[in-house]
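Below: one structure, written as C-alpha cells.
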Protein chains: 2
Amino acid sequence: MRVTIADVAREAGVSKTTVSRVVNLKGEVGGSTAARVREVIAQLGYVPSSGAVGLARGSSRTVGMLVPSLTWPWMGELLQGVVDTVEAADYGLLLFTCNRGAESVERFTSQVSARAFDGLVVVEPENTLDRLTALHRSGLPIVLIDDRGRHPEFTSVVTTNHEGGASAARHLRDSGRTRPVVVTGPAHFGCVSDRLAGFRSVLPTDLVVAGDFTERAGRLAVERLLLEGTEFDSVFAHNDITAAGVLRALRAAGRRVPEDIAVVGFDDIPMAEHTEPPLTTVHQPTRQMGEAAARLLLARLGGGPPPEQPLVLPTELVVRRSAP
Amino acid sequence: MRVTIADVAREAGVSKTTVSRVVNLKGEVGGSTAARVREVIAQLGYVPSSGAVGLARGSSRTVGMLVPSLTWPWMGELLQGVVDTVEAADYGLLLFTCNRGAESVERFTSQVSARAFDGLVVVEPENTLDRLTALHRSGLPIVLIDDRGRHPEFTSVVTTNHEGGASAARHLRDSGRTRPVVVTGPAHFGCVSDRLAGFRSVLPTDLVVAGDFTERAGRLAVERLLLEGTEFDSVFAHNDITAAGVLRALRAAGRRVPEDIAVVGFDDIPMAEHTEPPLTTVHQPTRQMGEAAARLLLARLGGGPPPEQPLVLPTELVVRRSAP
DNA sequence: CTGAAAGCGCTTACAG
DNA sequence: CTGAAAGCGCTTACAG
C-alpha cells in the first residue's frame, strides 16, 4: 500500500542504499543512476517514512512545544512565530498543553521520552520547573520563553519587563501624572515583580493593588479605590485584560479617560486597539519571541553551543488615547 | 544512554517479548514475572520509543492539525478543544499552518506522507481542497471544521451559520429595527453566504456591503453609507472584528449605539465583551467544535465508521448592550 | 560509483 | 506462560 524505499529500489533496479543516497544527497552516485532513481521516486510518489528515518537516525526532526494554555490572548502570535520558524527548517511541531494541573504534567513528562521530539520550546506552566529541569539534565535541549531570568540553567528568550514598566512610568510622569495606581498580576510571576520594580524606579508609589491578570481584577481594584476615596490620576495595569477592566470600572463610575485618569496596559493584544478609548500599552514582541526561541532551539539541535545569556527582545510603548 | 526494551529484558531476566507484553497488557504473563518486569521498568525509567512503536505497529498515535493561521481570534479556543481531546486519548498533536500560500501547501502535503500521523483535523486553508481530497482518497482520515457542508466526501463539524444569521435578524426585528445593513465576509466563504441568507430569510434587505472580515472593512462600510446619506437603523456584521470597526466609525460620526443604530456581530470572541458598548453577537461554539472534530477523528482511527452527516453544533445569540 | 548487511527499538505471529 | 525470530522502513559503516 504505502510506497517504501524497497519499492523504489526494485523499480529502479538499484539497491536501497543507492536510493537512500540520492534522497539524502549523500555520497557519490552516478549521474544516470541518480536520474533514474529520481524518476522512479516521482512516478511512485515516494516519500520516506519519517518514523523509520527517525528510528534509523536517532532523531525525529520534530520539536515539541509545551504551553500552559492556548487561549491566552497573545498565545496565537507566539505559536505562529514558533511554527513558522520550525516549518521553514522542515521540522515538525508537536504541541502539548498543561492546563489540568498535576495530572497533565504527569502525562506530559511521561510522553517526553516516548514522543520522539528532539527539543522543546516551553512557556512555563506552573509547577513544571522541576520536571523540566530533570528532562534538561538528562539531555533534552530546552528553550524557555518569557523566563524571569532566574533559571540560568536554561536557554531563554525574555522581554524587557523592567524597562517596559519603566517606560509606562516615564510616559505617565511626562504627561504630568503624579499619583499612579499599579494593578499587578500574580505576585509569584517574575514578570510581575519586574514590571512593578521598573515602574516604581521611575515613579515611586505605594498604591499597588494585587491582581491576577483578569478583567475582574482590574474592575474590582478600581471600584475599591473609588469607594475608599483614594485619590489617583492614572493606572498602570500589568496586562491589557486587567486594563480593560479598569477602563470599564472608570466609565461606570463616570470618570473620564484620559482627562481624569490615564490608563496604561501591558502586552498590546489585539483587543487593545478596540477598547474605549483605545489603550496605551507596553507592546510585547510576542511573535518575535516565538521565532527567536525556535531559532535558538534549532541552532542547538544543529550542534551549536547553548548561548550564555538570555536573549532579550525589547518592549515598546504604544501610545493610544487612554494615555496620550 | 536511552533505556530500551532490551535493557529492561536483560535486567529482568526475561525476553523482550515478555517486556512488550507487560507494557501493552497483551497476552498472559505470569504474575510474579510481570511484577518483576514492572519493577525494573520503574527503576530504569523505561518509556517505549514512540518512533519504534509506530514503525512496528504501522501507526503513530499522533494526529495532525492543519490551520490557515494561528492568530485568528477564535483559533486558540478551537485548538484548545482539539488538543485537550487528543491528549486525553493519549495521542500526540502535530501542528501545521498554511499561511504562506502555495509554497506552504506544497510543503505540507509533501510532509503528510513523511510525518507519521494517522489522521488530520483541518480548518481549511484556501486552495487546499484538491490536495486534501487527494490525501483523503489515498486513505488519510480527515475531519473538516467549519466546512460549508459542500464537501460531502469529508466528515465535518459545522455550526449553524444560517440559523445564526436568522437569530441576529429576529433579535433586531423584535426590537423594532427595520432597515438593517449587512457587512459580509469574503463572498466565496460558505459561512458568509449562509449567514447572509439566514439573516435575509427573516429580515430582507438590499443594504449589503461586501467586507473581508477586517476591522477596516466595518469602518469603511459605515463611513461610506453615512457619506451617501443611506438610512439604516442597525448593522449585522459577519464577524466581531468587523463589528468593532462598525462601532468605531459610528462613534466617530456621533451616532449612538444602540439608540440610533444597533449592532450585532458574529463569533463572540473575547474582545466582544470589551468593545464600547459591549457587543451583541452570535456565539460560535468554537471549543466544542474542536473537541467534536477530534472526537470524530479518534473514533474513526479507532475503527468506527465515518458518520453520514456533518455534525452540527448550534450558535447562540449573546445579547449585550450594542443591541439590547 | 554501488551493494550486502547490520542495526535503530519495537511488535507479533509462531512454536513450545 | 514464555521466547526466538522475522519484520516495520529506513541509514550507515564496511567492502569492493
Side-chain angles (χ1 to χ4, degrees), chain A residues 1-38 40-41 44-62 90 92 111-118 139, chain B residues 1-38 40-41 44-62 90 92 110-118:
Chain A
M1 154 124 196
R2 132 160 245 163
V3 181
T4 73
I5 196 173
D7 301 325
V8 176
R10 189 183 333 106
E11 195 72 19
V14 297
S15 70
K16 295 189 294 175
T17 309
T18 298
V19 176
S20 174
R21 278 199 270 255
V22 351
V23 167
N24 299 300
L25 306 170
K26 256 184 193 165
E28 331 263 287
V29 179
S32 68
T33 311
R36 184 153 31 92
V37 170
R38 265 192 283 272
V40 174
I41 286 177
L44 265 45
Y46 167 66
V47 180
S49 147
S50 62
V53 173
L55 185 57
R57 278 215 266 252
S59 84
S60 59
R61 237 186 148 66
T62 298
D90 229 25
Q111 287 213 351
V112 170
S113 344
R115 298 280 149 211
F117 51 85
D118 304 339
Chain B
M1 152 124 197
R2 132 161 245 161
V3 181
T4 74
I5 197 172
D7 300 325
V8 176
R10 188 181 337 103
E11 196 70 20
V14 298
S15 71
K16 295 190 293 175
T17 309
T18 298
V19 176
S20 174
R21 278 198 270 254
V22 351
V23 167
N24 300 300
L25 307 170
K26 254 183 192 162
E28 332 263 288
V29 179
S32 68
T33 312
R36 185 151 32 93
V37 171
R38 264 193 282 272
V40 174
I41 286 176
L44 264 45
Y46 168 67
V47 181
S49 147
S50 63
V53 173
L55 185 57
R57 279 214 266 251
S59 84
S60 59
R61 235 185 149 67
T62 298
D90 227 24
S110 103
Q111 286 214 351
V112 170
S113 344
R115 297 280 149 211
F117 52 86
D118 304 339

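In what follows, chains carry the letters A, B, and so on, assigned in the order in which the sequence lines appear, proteins first and then strands, with residues in each chain numbered from 1.
- At whole-Å resolution of the value, CG in A:Asp118 and C1' in C:dC8 are 14 Å apart.
- With sequence neighbours excluded, no residue forms a side chain to side chain contact (heavy atoms under 4.5 Å, CB included) with A:Ala56.
- The interatomic distance linking A:Ile41 (CD1) with D:dC10 (P) rounds to 10 Å, in whole Å.
- Spacing between atom CG of A:Asn24 and atom C1' of D:dT12 amounts to 11 Å, rounded to whole angstrom units.
- Exactly one of A:Val8, A:Val19, A:Val22 qualifies for a side chain to side chain contact (heavy atoms under 4.5 Å, CB included) with A:Val40. That residue is A:Val8.
- Atom CG in B:Leu55 sits roughly 5 Å away from atom C1' in D:dG9 (whole-Å rounding).
- Base-pairing analysis of DNA chain C finds the following stems of at least three consecutive Watson-Crick or G-U pairs, with both pairing distances under 3.5 Å: C:1-3 with D:14-16, C:5-12 with D:5-12, C:14-16 with D:1-3.
- Every pair passing salt bridge (Lys or Arg N to Asp or Glu O under 4.0 Å) that includes a residue from residues 9-18 of chain A is listed here, sequence neighbours excluded: A:Asp7-A:Arg10.
- The shortest non-hydrogen separation linking B:Val53 to B:Pro48 is CG2-CB, 4.0 Å.
- For the contact set between residues 4-12 of chain A and DNA chain C, defined by any heavy atom under 4.0 Å, there are no members.
- One finds a side-chain N or O of B:Thr18 lying less than 4.0 angstrom from the OP1 or OP2 phosphate oxygen of D:dG3.
- Side chain of A:Tyr46, nearest nucleotide from C:dC10, D:dC10, D:dT2: D:dC10.
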### Message
One pair to check against side-chain contact (heavy atoms from CB on, under 4.5 Å): A:Arg36 and A:Val14. What are the steps and the verdict?
### Response
CA-CA 10 Å; A:Arg36 184 153 31 92; A:Val14 297; 4.1 Å; yes

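- Here A:Ser20 lies in heavy-atom contact (under 4.0 Å) with a base.
- For the salt bridge (Lys or Arg N to Asp or Glu O under 4.0 Å) test, no residue two or more places apart in sequence or in another chain qualifies with B:Arg38.
- Between the side chain of B:Arg61 and the main chain of B:Asp90, a donor-acceptor pair closer than 3.5 Å is present.
- Across the interface with DNA chain D, nearest-nucleotide mapping of A:Ala56 and B:Ser15 shows B:Ser15 to be the residue nearer the 5′ end.
- Remark: P of D:dG9 and CZ of B:Arg57 are 16 Å apart, rounded to the nearest angstrom.
- A:Thr33 pairs by the side chain to side chain donor-acceptor pair (under 3.5 Å) definition with nothing, not counting sequence neighbours.
- Not counting sequence neighbours, B:Arg57 has no partner by the salt bridge (Lys or Arg N to Asp or Glu O under 4.0 Å) test.
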Nucleotide N/O of nucleotides 13-15 of chain C paired with protein N/O under 3.5 Å:
none

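- Using a 4.0 Å heavy-atom criterion, one finds that B:Lys16 contacts the bases of the nucleic acid, with or without backbone contacts as well.
- Summarising the geometry, atom CG belonging to A:Leu55 is positioned 6.0 Å from atom OG belonging to B:Ser49; distances are rounded to the nearest 0.5 Å.
- By the side chain to side chain contact (heavy atoms under 4.5 Å, CB included) test, A:Ser15 pairs with A:Thr17, A:Thr18, sequence neighbours left out.
- Rounded to an integer number of Å, the gap from B:Lys26 NZ to D:dC1 C1' is 17 Å.
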